[in-house]
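Report on one structure; see the data block that follows.
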Amino acid sequence: DTGVSQNPRHKITKRGQNVTFRCDPISEHNRLYWYRQTLGQGPEFLTYFQNEAQLEKSRLLSDRFSAERPKGSFSTLEIQRTEQGDSAMYLCASSGSGPSYNEQFFGPGTRLTVL
Amino acid sequence: AQTVTQSQPEMSVQEAETVTLSCTYDTSENNYYLFWYKQPPSRQMILVIRQEAYKQQNATENRFSVNFQKAAKSFSLKISDSQLGDTAMYFCAFMKQLDGTALIFGKGTTLSVSS
């Protein structure tokens, strides 16, 4: 499978715990995006990497959230001291360069439930 | 700031019929991209069709076509010969014509195709 993969697919945690999600983009893609999607809503942008550089962060990305892409390949999104309001689907997308740079390919998402 | 509005939360259509999903957006940009993404139940989001704002010709992809009205800031999706597999959440999305910017999504329209 050469698509975007995300792990875990589901995560249930208790309020106050830390969680970490992983995203593996399409191998030749240098751009990686994180979005959050709550029930019945469209995805909302969180952050964006070009290679290993984090170039943009949304105001939605509070201090409890941190994202990394250390070698310009996979990325991790960590949420510290989770709150019930963090319950959502976390989507990762990647895109390449060239004529199709604006097409983002999405992974299946990680569904987070905070109890 | 850019906004995307989808005014139809739910729509239904019979197999083989045609359905049109509406989308309006607001932006002060002159160059941008518009997209329709499809998110089937419990499956990942995929790109349906893309439109560059500088192109006057409406994009088409097999049974899917758009009606892009730049002055009215309207971008509707027409699905012809609807199939059961078209059942999904459809999101309209906007992207500025800059390298690596985020997608801004509408709230989505749930389309149900019945036999």
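Heavy atoms only: backbone and side chains are in, while hydrogens, waters and symmetry mates are out. Lettering of chains follows the sequences in order, A, B, ..., and the numbering in each one begins at 1.
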Check this for me: A/E78, atom CD, are more than 12 non-hydrogen atoms of other residues, nucleotides or ligands nearer than 6.0 Å? yes
Rounded to the nearest 0.5 Å, what separation is found between the CD atom of A/E44 and the CD1 atom of B/I104? 11.0 Å
[X] versus chain B, the contacting section by heavy-atom distance below 4.5 Å:
{"X": "A/F105", "answer": "neither"}
{"X": "A/Q37", "answer": "side chain"}
{"X": "A/L55", "answer": "neither"}

Using a distance-only test with no angle check, is there a side-chain donor-acceptor pair under 3.5 angstrom linking A/N18 and A/R81?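 The answer is no; no qualifying pair exists.
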Spell out, as yes or no, whether a donor-acceptor pair under 3.5 Å connects the side chain of A/Q41 to the backbone of A/R36.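 No: the side chain of A/Q41 does not pair with the backbone of A/R36.
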Counting heavy-atom pairs under 4.5 Å to chain B, which of [options] comes out on top?
{"options": "A/A93, A/S58, A/G42", "value": "A/G42"}
{"options": "A/M89, A/R111, A/E103", "value": "A/E103"}
{"options": "A/P43, A/P108, A/G109", "value": "A/P43"}

Those residues of residues 31-46 of chain B, ordered by number, that approach chain A below 4.5 Å (heavy atom to heavy atom): B/Y33, B/F35, B/Y37, B/Q39, B/Q44, B/M45
For A/I79 and A/Y90, run side chain to side chain contact (heavy atoms under 4.5 Å, CB included): C-alpha distance rounded to whole Å, both residues' side-chain angles, the deciding distance at 0.1 Å, then the answer. CA-CA 11 Å; A/I79 308 174; A/Y90 290 84; 3.7 Å; yes
Indicate if A/L77 and A/Y48 have the same hydrophobic cluster label, given that clusters are the connected sets of ILVMFWY residues with side-chain heavy-atom separations under 4.5 angstrom.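 Looking at the clustering, A/Y48 is in a separate group from A/L77.
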Is any side-chain heavy atom of A/T47 closer than 4.5 Å to a side-chain heavy atom of A/Q54? yes
Please list all pairs meeting salt bridge (Lys or Arg N to Asp or Glu O under 4.0 Å) that have one or both residues in residues 65-93 of chain B, counting only residues at least two apart or in different chains.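 The answer is B/D26-B/K73, B/R63-B/D86.
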ring-ring contact (aromatic ring centres under 6.0 Å, His included) for A/F106 and A/Y35? Distances and angles first, verdict last. CA-CA 10 Å; A/F106 282 82; A/Y35 293 85; 5.6 Å; yes
